[in-house]
Colleague: 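Please read through the structure below; I'll follow up with questions.
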Amino acid sequence: MYAPERQQEILRLARESGRVDVLSLAEEFQVTAETVRRDLKALDRAGLVRRVHGGAIPAGRLDFEPDLAERDAVAADEKQRIARAALAELPGGQGGSGSVILDAGTTAARLAAEIPLEAELTVVTHGLPVAARLADHPGLTLHLVGGRIRHRTRAAVDDWALRAYREINADVLFLATNGFSLDGGLTTPDLAEAAVKRTLIAAARRVVLLADSAKFGQQHFARFGELSDMDLLITDTGLSPDDALALERAGTEVVRA
């Protein structure tokens, strides 16, 4: 079977089942996983599918936003490695002092769980799961920003949240995103979430983006920043060395955990 024929069949399967995975496709077509990844990359570039961790979903679901539990289960090992690598970016080191903003998101929540109990930090967040994981840390000064809570993300949005973040000047922001790309910047499906994220970027002296490699190349409805706004991207080794180099040439330091 030639590549165009195989790609057409992959697209049909993706539309029928809502998702395809690399290993199953490799077995189905008796080709290597790398061949399937090339097929998915070609379909992604054509705007027919969106690559996700381990496979792809049809482009018709580009702005489907899974709930928090489903997102937390995706790329769990990669997110854990990213969270542990992010500890080195805490102001003053892992047990040091300073102020940080933790964005809402599953990787940010994993970072919160990794922060040592003895850490002495001022932490600001609008994510309920993030705040819950830090509430028992005696050395932290924890600020929970209020607003309307989005049920899918458990994050506060709208004017209350925006006003609070406009009054902050933190040392480090740990930012989350649903998608990032060289041409599309940083994107998320929801306009209210995007507005908060845009305000977060302006509220910190250093911005660290936490994003697993499956989000690279994804573009969603609401754009809230550029990669040039990021001082550092912490991702996983699923991001190829060539893509990491392209990001660094665009001005963003990259750590592949």
Side-chain angles (χ1 to χ4, degrees), residues 44 50-53 57 61-68 70-76 78-83 85-86 89 100-112 124-127 129-130 145 150 152-157 161-162 165 170 172-204 206-236 238-239 243-244 246-248 250-257:
D44 183 278
R50 187 184 81 192
R51 294 169 69 194
V52 297
H53 181 70
I57 60 176
R61 296 181 61 193
L62 271 175
D63 279 316
F64 171 74
E65 190 177 12
D67 64 24
L68 202 65
E70 184 178 346
R71 286 191 291 117
D72 191 45
V74 174
E78 290 83 353
K79 290 175 180 177
Q80 194 64 38
R81 295 200 305 272
I82 292 167
E89 300 304 316
V100 302
I101 300 171
L102 285 179
D103 193 5
T106 55
T107 309
R110 287 174 182 270
L111 170 57
V124 186
T125 186
H126 60 290
V130 173
V145 170
R150 289 196 70 231
R152 283 205 172 274
T153 59
R154 312 295 194 271
V157 296
L162 296 175
Y165 278 124
V172 183
L173 161 65
F174 293 96
L175 182 68
T177 187
N178 295 78
F180 67 102
S181 64
L182 288 164
D183 55 344
L186 309 173
T187 57
T188 191
D190 185 77
L191 285 169
E193 296 260 12
V196 173
K197 291 177 184 293
R198 196 175 298 116
T199 307
L200 294 183
I201 293 170
R206 178 171 170 79
V207 181
V208 179
L209 179 64
L210 309 179
D212 62 82
S213 60
K215 295 175 180 176
F216 181 63
Q218 294 188 28
Q219 296 185 32
H220 296 269
F221 176 64
R223 182 169 179 159
F224 62 87
E226 304 293 339
L227 282 166
S228 58
D229 297 326
M230 306 296 104
D231 296 290
L232 173 66
L233 162 66
I234 303 179
T235 186
D236 58 82
L239 184 74
D243 287 333
L247 290 167
E248 292 195 325
T252 304
E253 182 185 355
V254 178
V255 169
R256 297 163 67 240

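What you are looking at is a predicted structure, and each value in this text was computed from that prediction instead of being measured.
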Colleague: Between atom CZ of F174 and atom CG of L232, what is the distance when rounded to the nearest 0.5 Å?
Modeller: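 One finds 9.0 Å between CZ of F174 and CG of L232.
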
Colleague: Evaluate V254 against L239 for side chain to side chain contact (heavy atoms under 4.5 Å, CB included), listing each step before the verdict.
Modeller: CA-CA 10 Å; V254 178; L239 184 74; 4.2 Å; yes

Colleague: Who passes side chain to side chain donor-acceptor pair (under 3.5 Å) against D231, sequence neighbours left out?
Modeller: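 Testing D231 for side chain to side chain donor-acceptor pair (under 3.5 Å), a comparison that skips the adjacent residues, returns none.
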
Colleague: Could you check whether D183 and S181, counting side-chain N and O atoms only, form a donor-acceptor pair closer than 3.5 Å?
Modeller: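 Result is yes, a qualifying pair exists.
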
Colleague: Sequence neighbours left out, what passes side-chain contact (heavy atoms from CB on, under 4.5 Å) with L182? Give chain and number order.
Modeller: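 L182 satisfies side-chain contact (heavy atoms from CB on, under 4.5 Å) with L227, A246, L247, A250 once adjacent residues are dropped.
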
Colleague: State the CZ-OG1 distance between R154 and T106, to the nearest 0.5 angstrom.
Modeller: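 Answer rounded to 0.5 Å: 12.5 Å.
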
Colleague: Verify, without hydrogens or angle tests, whether R206 (side chain) and V172 (backbone) share a donor-acceptor contact under 3.5 angstrom.
Modeller: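 The answer is no, because no donor-acceptor pair under 3.5 Å joins these two groups.
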
Colleague: Work out which heavy atom in A195 is nearest to a heavy atom in L162; give both atom names and the distance.
Modeller: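 Closest heavy-atom pair between A195 and L162: O-CD2, 3.5 Å.
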
Colleague: So, the side chain of K79 versus the backbone of D212: is there a donor-acceptor pair under 3.5 Å, distance only?
Modeller: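 Such a contact is absent between K79 side chain and D212 backbone.
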
Colleague: Test side chain to side chain contact (heavy atoms under 4.5 Å, CB included) on Y165 and I101; report intermediate values, then the result.
Modeller: CA-CA 9 Å; Y165 278 124; I101 300 171; 3.8 Å; yes

Colleague: Of all residues at least two apart in sequence or in a different chain, which pass the side chain to side chain donor-acceptor pair (under 3.5 Å) check with Q80?
Modeller: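 Testing Q80 for side chain to side chain donor-acceptor pair (under 3.5 Å), a comparison that skips the adjacent residues, returns R110, E114.
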
Colleague: Yes or no on side chain to side chain contact (heavy atoms under 4.5 Å, CB included) for L186 and M230, after CA distance, side-chain angles and deciding distance?
Modeller: CA-CA 10 Å; L186 309 173; M230 306 296 104; 3.5 Å; yes

Colleague: Any idea which heavy atoms bring A161 and V196 closest together, and the distance?
Modeller: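 Scanning both residues completely, I find the closest heavy atoms to be CB-CG2, 4.3 Å.
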
Colleague: Determine, step by step, whether V208 and L175 satisfy the side chain to side chain contact (heavy atoms under 4.5 Å, CB included) criterion, reporting the C-alpha distance in whole Å, the side-chain angles of both residues, the deciding distance to 0.1 Å, and the verdict.
Modeller: CA-CA 6 Å; V208 179; L175 182 68; over 6 Å; no

Colleague: Could you pull out the closest heavy-atom pair between A86 and L210, with the gap in Å?
Modeller: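 In terms of heavy atoms, the two residues are closest at CB-CD2, 3.8 Å.
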
Colleague: Evaluate the side chain to side chain donor-acceptor pair (under 3.5 Å) criterion for residues T177 and K215: first the C-alpha distance (whole Å), next the side-chain angles of each, then the deciding distance (0.1 Å), finally the verdict.
Modeller: CA-CA 8 Å; T177 187; K215 295 175 180 176; over 6 Å; no

Colleague: Can any side-chain N or O of Q218 pair as donor or acceptor with the backbone N or O of A214 at less than 3.5 Å?
Modeller: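 Yes, the answer is positive, given that a donor and an acceptor are paired below the 3.5 Å cut-off.
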
Colleague: Mind listing the closest non-hydrogen atom pair of I234 and A85 along with its distance?
Modeller: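 Taking I234 first and A85 second, the nearest heavy atoms are CG2-CB, 3.9 Å.
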
Colleague: Quick one: list whatever passes side chain to side chain donor-acceptor pair (under 3.5 Å) with S213, sequence neighbours left out.
Modeller: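 Only D236 meet the side chain to side chain donor-acceptor pair (under 3.5 Å) criterion with S213.
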
Colleague: Quick one: pull up CD in E89 and CG in L111 and give me the separation to the nearest 0.5 Å.
Modeller: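 It comes to 10.5 Å.
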
Colleague: Salt bridge or not between D44 and R50? Use side-chain N to carboxylate O under 4.0 Å.
Modeller: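 No, this pair does not count.
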
Colleague: Please identify each residue that fulfils salt bridge (charged side-chain N to carboxylate O under 4.0 Å, His left out) with E248, with sequence neighbours left out.
Modeller: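 If we apply the salt bridge (charged side-chain N to carboxylate O under 4.0 Å, His left out) test to E248, skipping adjacent residues, there are no hits.
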
Colleague: Starting at CG of L209, measure out to OG1 of T107 and round the result to the nearest 0.5 Å.
Modeller: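 Between L209 CG and T107 OG1, I get 9.5 Å after rounding to 0.5 Å.
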
Colleague: Out of curiosity, H220 NE2 to L191 CG, how far, rounded to the nearest 0.5 Å?
Modeller: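 So the NE2 of H220 and the CG of L191 are separated by 13.5 Å.
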
Colleague: Would you check if the side chain of T235 reaches a backbone N or O of A211 as a donor-acceptor pair within less than 3.5 Å?
Modeller: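 Side chain of T235 to backbone of A211: a pair is present.
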
Colleague: Just jot down the side chain to side chain donor-acceptor pair (under 3.5 Å) partners of E253, sequence neighbours excluded, or say none.
Modeller: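 Checked E253 against side chain to side chain donor-acceptor pair (under 3.5 Å); zero matches.
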
Colleague: Give the minimum heavy-atom separation between A244 and R256, together with the two atoms involved.
Modeller: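 That closest heavy-atom pairing would be CB-CD, 3.9 Å.
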
Colleague: Once you round to the nearest 0.5 Å, how far does CD1 of I201 lie from CG of D229?
Modeller: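 Separation between the atoms: 5.0 Å.
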
Colleague: Parallel, tilted or perpendicular: which fits the ring planes of F180 and F216, with parallel below 30° and perpendicular above 60°?
Modeller: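 The arrangement is tilted - the two ring planes meet at 30° to 60°.
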
Colleague: Testing T153, N178, D103 one by one against E193 for a side-chain contact (heavy atoms from CB on, under 4.5 Å), which residue passes?
Modeller: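 The option that passes is T153.
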
